[in-house]
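Side chains included, hydrogens not; waters and symmetry mates left out as well; all remaining heavy atoms used.
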Amino acid sequence: MKIKRFLKWSSLAILLILFAWFEFAYWTSTNDCDQKTGAPTHPMKAIRYCEYGPPDEVLKLEQVEKPVPNDNQILVRVRAVSLRFYDGGMLQGGVGRLIFGLRKPKNTTPGSDFSGTVEAVGRNVTEFKPGDEVFGVRAGALAEYICVTASRAVVSKPGNVTFEQAASIPTALTALQGLRDTGHVKAGQKVLIYGASGGVGTFAVQIAKAFGAEVTGVCSTKNVDLVRSIGADYVIDYTKEDYTKSDQRYDVIYDLVNNRSFAERRRVLKPGGICVLAGVGGSGMHKETLFNMAGALTASLRSKFAKEKFVMFGVDINKKDLGILRDLTESGKIVPALTKTYPVTETAAAYTYLETGHASGKIAITIE
């Protein structure tokens, strides 16, 4: 009885401590919007959001202080920023509050994937010089200027694409690492890309082709021509045909939707095949999102007892792989499928479109 009483009160105490911690963390969660500052001495334009909410309510174009690079940084004049699938979730909060800030967003400038021109360099920087065109990943990119550590995720821009296209290239890290490191795609294999018309999917089709695979893309009717135009050998319109009931078998399924059962996907994998669990069906939170997330986790666990593997993975944002993507772009093996471009004054409209969950290709915002 004493043990039961001890466990009961210990559990209650732990719950109370966790509740108190959460309340403290929530109400002390703040950001630089709460700091009262005067007019910027060296103003620049930036998109900011101080609270969570719908894009047209929280996104504002404001004047803020222009940053100054330290000895190891470069100052980049941003020309374009592309949106990633998680960008919409950052604005709305939801479960993302655990990462981005419980009560208010910690980082008040959204965006991460950028391209632009180097304006100044720190005294320790030798790789870049003023005037160089670059692209990369840096939190808070939706601003006129950003400072980026030269040794990190920034490389020279391919000369054969626009700034808007270059800003979308970092999204391909998810496709490159998922296919190469998790799917272990090799020449001659049969690869199916489920969600082939989205931002990551359009890169996945092209990267799998660059690896020498035979690629089948799955998308809706309106995107069949897009997926075919980027090199897919076969295109399945999911509104007319169920790929899980086909007689075809695949070495790798790169699944960006995760709305099919473990058994259905396993059926169309070759013995020992791999299903790369790469997404949950578009940006934003929708009624099916949590179901798809649960399906991915369940499939990953169940595959531990099967020959066919269902594998989740995390993306490593690094300079080396950005360089590989630059080289693939310069050689013409991948071409960013940019489908919509918005001026920075219409950033809210870009985010609203992204959050529909049915955006085709990549969306870019230009900063003039």
Under 3.5 Å side-chain donor-acceptor pair for Asn72 and Asn70: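 Per modelled atom types, Asn72 and Asn70 side chains form no pair under 3.5 Å.
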Arg138 versus Ser112, side-chain donor and acceptor atoms under 3.5 Å: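 No.
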CA sep, side-chain torsions, deciding dist, call: Lys362, Thr171, side chain to side chain donor-acceptor pair (under 3.5 Å): CA-CA 9 Å; Lys362 288 296 297 178; Thr171 295; 2.7 Å; yes
With no hydrogens and no angle check, is any side-chain donor or acceptor of [X] less than 3.5 Å from a backbone partner on [Y]?
| X | Y | value |
| --- | --- | --- |
| Gln165 | Thr162 | yes |
| Ser115 | Ala166 | no |
| Arg265 | Phe310 | no |
| Arg84 | Asp113 | no |
| Glu65 | His42 | yes |
| Asp132 | Lys129 | yes |

Test log, rule side-chain contact (heavy atoms from CB on, under 4.5 Å), inputs Glu133 and Val118: CA-CA 6 Å; Glu133 296 179 347; Val118 176; over 6 Å; no
Are [X] and [Y] in one and the same hydrophobic cluster, where Ile, Leu, Val, Met, Phe, Trp and Tyr link if side-chain heavy atoms are under 4.5 Å apart?
| X | Y | result |
| --- | --- | --- |
| Val121 | Val68 | no |
| Val64 | Leu142 | no |
| Leu173 | Val185 | yes |
| Leu354 | Leu338 | no |
| Met44 | Val81 | no |

Does [X] come within less than 4.0 Å of [Y], counting only side-chain N to carboxylate O?
| X | Y | value |
| --- | --- | --- |
| Asp255 | Arg260 | no |
| Arg77 | Glu119 | no |
| Lys340 | Glu164 | no |
| Lys45 | Glu144 | no |
| Arg228 | Asp225 | yes |
| Lys190 | Asp251 | no |

Heavy-atom pair of closest approach, residues [X] and [Y]:
| X | Y | result |
| --- | --- | --- |
| Pro43 | Gln63 | CB-OE1, 3.2 Å |
| Ala150 | Phe128 | O-CE1, 3.8 Å |
| Tyr49 | Pro110 | CD2-CD, 3.9 Å |
| Ala296 | Met312 | O-SD, 4.2 Å |
| Ile274 | Thr182 | CD1-O, 3.7 Å |
| Leu226 | Ala337 | CD1-CB, 4.4 Å |

Phe163 six-ring centre to Lys157 NZ/CZ under 6.0 Å and within 45° of normal: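 The answer is yes; both the distance and angle limits are met.
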Sole candidate of Leu75, Ile74, Val78 that passes side chain to side chain contact (heavy atoms under 4.5 Å, CB included) when paired with Ile146: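 Output: one option passes, namely Val78.
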Roughly how far apart are [X] [atom1] and [Y] [atom2], rounded to 0.5 Å?
| X | Y | atom1 | atom2 | answer |
| --- | --- | --- | --- | --- |
| Glu264 | Arg266 | CD | CZ | 13.5 Å |
| Tyr353 | Ile363 | OH | CD1 | 5.5 Å |
| Leu325 | Glu330 | CG | CD | 11.5 Å |
| Thr174 | Leu179 | OG1 | CG | 10.5 Å |
| Gln248 | Lys270 | CD | NZ | 7.5 Å |
| Ser197 | Ile230 | OG | CD1 | 8.5 Å |

Stepwise side-chain contact (heavy atoms from CB on, under 4.5 Å) check, Tyr250 with Gln189: CA-CA 8 Å; Tyr250 301 96; Gln189 289 187 323; over 6 Å; no
Lys309 NZ: over 12 foreign heavy atoms closer than 6.0 Å: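 Yes, enclosed.
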Measure the shortest side-chain to side-chain distance between [X] and [Y] over non-hydrogen atoms and say whether it is less than 4.5 angstrom.
| X | Y | result |
| --- | --- | --- |
| Asp321 | Arg180 | yes |
| Pro336 | Phe203 | yes |
| Glu308 | Pro271 | yes |
| Thr221 | Lys240 | yes |
| Thr329 | Asn160 | yes |
| Leu277 | Asn258 | yes |
| Ile367 | Arg79 | no |
| Thr345 | Leu61 | yes |

Output field: ring centroids Tyr243/Tyr194 closer than 6.0 Å: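 Yes, the ring centres sit under 6.0 Å apart.
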Distance flag, aromatic centroids of Phe114 and Phe135, threshold under 6.0 Å: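 No, they do not, as the ring centres are separated by 6.0 Å or more.
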Worked check of side-chain contact (heavy atoms from CB on, under 4.5 Å) between Val155 and Val134: CA-CA 6 Å; Val155 296; Val134 296; over 6 Å; no
Candidate pair Ile193 and Val218, rule side-chain contact (heavy atoms from CB on, under 4.5 Å), full reasoning: CA-CA 6 Å; Ile193 312 294; Val218 182; over 6 Å; no
